[in-house]
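Report on the structure given below.
Every chain is numbered from 1, with letters handed out A, B, ... down the list of sequences.
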Number of protein chains: 2
Amino acid sequence: MCPAKISESAVRRLSLYLRVLDAFELAGKTTVSSGDLAERGGVTPAQVRKDLSHFGSFGKRGLGYPVSELRERVTEILGLGRRWRVGLVGAGKLGAALFFYDGFRGQGFDVAAIFDNDPDKIGQRWGRLVVEDIESMDRVMRTSQVEMGIIVTPAVSAQQVADRLIASGVEAILNFAPTRLQVPPGITLRNVNLEIELESLAFALTHENGA
Amino acid sequence: MCPAKISESAVRRLSLYLRVLDAFELAGKTTVSSGDLAERGGVTPAQVRKDLSHFGSFGKRGLGYPVSELRERVTEILGLGRRWRVGLVGAGKLGAALFFYDGFRGQGFDVAAIFDNDPDKIGQRWGRLVVEDIESMDRVMRTSQVEMGIIVTPAVSAQQVADRLIASGVEAILNFAPTRLQVPPGITLRNVNLEIELESLAFALTHENGA
DNA sequence: GTTCGTTTGTGATTGATTTCACAAGCAAAG
DNA sequence: CTTTGCTTGTGAAATCAATCACAAACGAAC
Ligand SMILES: NC(=O)c1ccc[n+]([C@@H]2O[C@H](COP(=O)([O-])OP(=O)(O)OC[C@H]3O[C@@H](n4cnc5c(N)ncnc54)[C@H](O)[C@@H]3O)[C@@H](O)[C@H]2O)c1
Ligand SMILES: NC(=O)c1ccc[n+]([C@@H]2O[C@H](COP(=O)([O-])OP(=O)(O)OC[C@H]3O[C@@H](n4cnc5c(N)ncnc54)[C@H](O)[C@@H]3O)[C@@H](O)[C@H]2O)c1
């Protein structure tokens, strides 16, 4: 009923369902079937039902799921019933794009601190924040109660940045540097590697048989 | 021996091995074992051998794989033995970060055109390129022979941008907009959804039992 | 040339995830 | 109150991916 062992891909699908539910709620629908969710989410109805059933029985047979209530439940399941404080390390091009992106705030994620090690960057005012010296991370992290870290430094610095984040109490890291980070057990790490995405497209184009 | 059906995750691991091979070659090693590759890639030796065996026998028993030759072979397999021309749609914050990032060029990907629909953006000079009107995509795409598209427009425009890209002959799309795109069979689509990444971190932090 | 230590390549096995298929449940209509 | 038409929730089955385990192959040593 509750959480035994949920696969990473099942969690990602929940995020997807949440977005579809938002759209349905906005459109004024009060109930959705697993078929509706599946169609808009690009999965099968059975998959939707199985994913949701891991966390409880939210639907009514013959009717479907109540949109508003299911949205609340999935929000809760994903841990989005609160706001999360994020620390951004690397005040470069990608760091700026992420910081000035509004979408995250809407989902409950607030960038609460920015760090860099370049004297030219340190002290710059970014919106309501000031770029901090990475040397003062420990102090800043504790006062701003940051819980997640995003790494957007060059690959060579990424491991030491990760170590610092962990030392400052961060337990979840999103890494954009194209390098494999080593983290102790208990720390959650996700990598976004755009080079791998492009290479996977190159592979697909190279090996397409039909089409 | 050659390609039957390679799983998406196996392809992504090949990209990983390639990076590890680069490092080994730089370090002057001439041969590597599956164990070496596995350690540096964060997978098991058996996985490495299985992944590679889908495409042929590149190693010598008792010895390992010749670094330089394996690197060439994997490069070839991934379709990276040539350069790829990429079209970027959306000259915004993320588009700029991607365009001015050097890493892609090093892997064989060249941004050959940038498009936007904002009159203020159209005509801007970005490096050696000029931001083009999306209305002239068809013409520009053909003259610059673009093969892949990257979508970094707001979500509401993403589907129509995808349709245009496909109409212009693009068969592979990397989409950063947080929306599920519909593409016909034969078109390869990869999504990068940073909100899902953050939400998956939130889920992990919320449901961590031990630690 | 035989032995020895090592490492590949791969069929068999285990494990995880997805799909199937259907009983159980609900609302609405008669 | 019973029938009808849908849709859920979920074990069982099927599919897909990862791991194991070992024979075959190779170089080096002697
Ligand atoms: N820009 C992109 O589109 C893009 C695409 C794919 C991957 N990436 C990866 O994302 C990362 C950042 O890319 P970018 O384009 O923003 O680079 P960038 O050079 O613009 O920014 C990097 C920033 O990190 C800072 N930095 C360096 N070492 C540091 C340290 N030890 N501690 C704190 N800050 C440090 C630098 O001062 C700089 O401000 C890189 O690893 C890159 O490979 C970027
Ligand atoms: N910036 C980020 O860090 C970030 C993070 C996650 C996701 N995203 C997603 O990436 C996309 C781009 O984000 P951004 O921050 O660069 O936004 P942005 O507003 O800075 O840039 C979007 C650009 O797209 C252009 N555009 C709009 N409609 C268009 C159309 N029909 N054809 C061509 N161009 C069009 C706009 O003129 C603008 O220049 C969005 O979908 C966003 O949700 C961005």
Side-chain angles (χ1 to χ4, degrees), chain A residues 1-17 20-21 24 29-71 73-74 77 180 196 200 203, chain B residues 1-17 20-21 24 29-71 73-74 77 196 200 203-204:
Chain A
M1 196 66 113
C2 272
K5 197 66 216 299
I6 310 300
S7 76
E8 175 57 21
S9 33
V11 173
R12 301 172 85 87
R13 282 193 298 269
L14 287 183
S15 290
L16 207 70
Y17 304 154
V20 175
L21 286 167
F24 275 127
K29 289 202 71 166
T30 58
T31 61
V32 282
S33 67
S34 57
D36 296 336
L37 281 169
E39 192 182 353
R40 295 285 297 268
V43 297
T44 66
Q47 180 101 81
V48 172
R49 295 200 297 276
K50 181 71 90 178
D51 285 341
L52 294 176
S53 77
H54 290 131
F55 300 94
S57 299
F58 310 125
K60 276 204 168 54
R61 301 181 183 210
L63 242 176
Y65 302 88
V67 172
S68 173
E69 190 193 314
L70 183 60
R71 206 180 63 87
R73 293 306 322 265
V74 175
I77 290 166
R180 183 143 294 260
I196 288 184
S200 128
F203 177 87
Chain B
M1 199 63 113
C2 271
K5 196 69 213 299
I6 310 300
S7 76
E8 175 58 20
S9 34
V11 174
R12 301 171 84 87
R13 282 193 298 271
L14 287 182
S15 290
L16 206 70
Y17 305 154
V20 176
L21 286 167
F24 275 127
K29 289 202 71 166
T30 58
T31 60
V32 281
S33 68
S34 57
D36 295 337
L37 281 168
E39 193 182 352
R40 295 283 299 267
V43 296
T44 66
Q47 180 101 78
V48 172
R49 295 199 297 277
K50 180 73 91 180
D51 286 340
L52 294 176
S53 77
H54 290 132
F55 300 95
S57 299
F58 309 126
K60 275 204 169 53
R61 302 183 181 206
L63 209 81
Y65 301 87
V67 172
S68 173
E69 189 192 315
L70 183 59
R71 205 180 64 87
R73 293 306 322 263
V74 175
I77 290 165
I196 288 184
S200 127
F203 177 87

Among residues 58-67 of chain A, which ones have heavy-atom contacts with DNA chain D below 4.0 Å?
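The answer is A:F58, A:G59, A:K60, A:R61, A:G62, A:L63, A:G64, A:Y65.
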So what is the end-to-end bend of the helix from C:dG1-D:dC30 to C:dG30-D:dC1, with 5 pairs used at each end and the value given to 10 degrees?
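About 0° separates the two local helix axes.
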Please name all residues satisfying side chain to side chain donor-acceptor pair (under 3.5 Å) with [X], sequence neighbours left out, ordered by chain then number.
X	value
B:T30	none
B:T31	none
A:S7	A:S9
A:R61	none

Partners of [X] by side-chain contact (heavy atoms from CB on, under 4.5 Å), sequence neighbours excluded?
X	result
B:S33	B:D36
B:L16	A:R180, A:I196
A:E39	none
A:V20	A:F24, A:L37, A:R40

Hey, does A:V74 have a side-chain heavy atom less than 4.5 Å from the side chain of A:F58?
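No. Closest side-chain heavy atoms not under 4.5 Å.
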Write down the distance between [atom1] ([X]) and [atom2] ([N]), rounded to a whole number of angstrom.
X	N	atom1	atom2	result
B:R12	D:dA17	CZ	C1'	16 Å
A:D51	D:dT10	CG	P	13 Å
B:K5	D:dC16	NZ	P	8 Å
A:L52	C:dT18	CG	C1'	15 Å
A:L14	C:dT17	CG	C1'	15 Å
B:R73	C:dT8	CZ	P	17 Å

5'-most by nearest nucleotide on DNA chain C - A:E8 or A:A46:
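Closer to the 5' end of DNA chain C: A:E8.
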Ignoring backbone atoms, establish whether [X] has a side-chain N or O less than 4.0 Å from OP1 or OP2 of [N].
X	N	value
B:S34	C:dT7	no
B:R49	C:dT8	yes
B:T44	D:dT19	yes
A:Q47	C:dT19	yes

Decide yes or no on salt bridge (charged side-chain N to carboxylate O under 4.0 Å, His left out) for B:E69 and B:R73, but give the supporting numbers first.
CA-CA 6 Å; B:E69 189 192 315; B:R73 293 306 322 263; 5.9 Å; no
Could you list, one pair per line, each protein nitrogen or oxygen that sits under 3.5 Å from a nitrogen or oxygen of nucleotides 11-14 of chain C, together with the distance?
from, atom 1, to, atom 2, distance (Å)
C:dG11, O6, B:K50, NZ, 3.2

Enumerate, atom names and distances included, each donor-acceptor pair closer than 3.5 Å involving a side-chain atom of residues 41-52 of chain A, sequence neighbours excluded.
from, atom 1, to, atom 2, distance (Å)
A:T44, OG1, A:Q47, N, 3.2
A:R49, NH1, A:S34, OG, 3.0
A:D51, OD1, A:R13, NH2, 3.1
A:D51, OD2, A:R13, NE, 2.6
A:D51, OD2, A:Y17, OH, 2.7

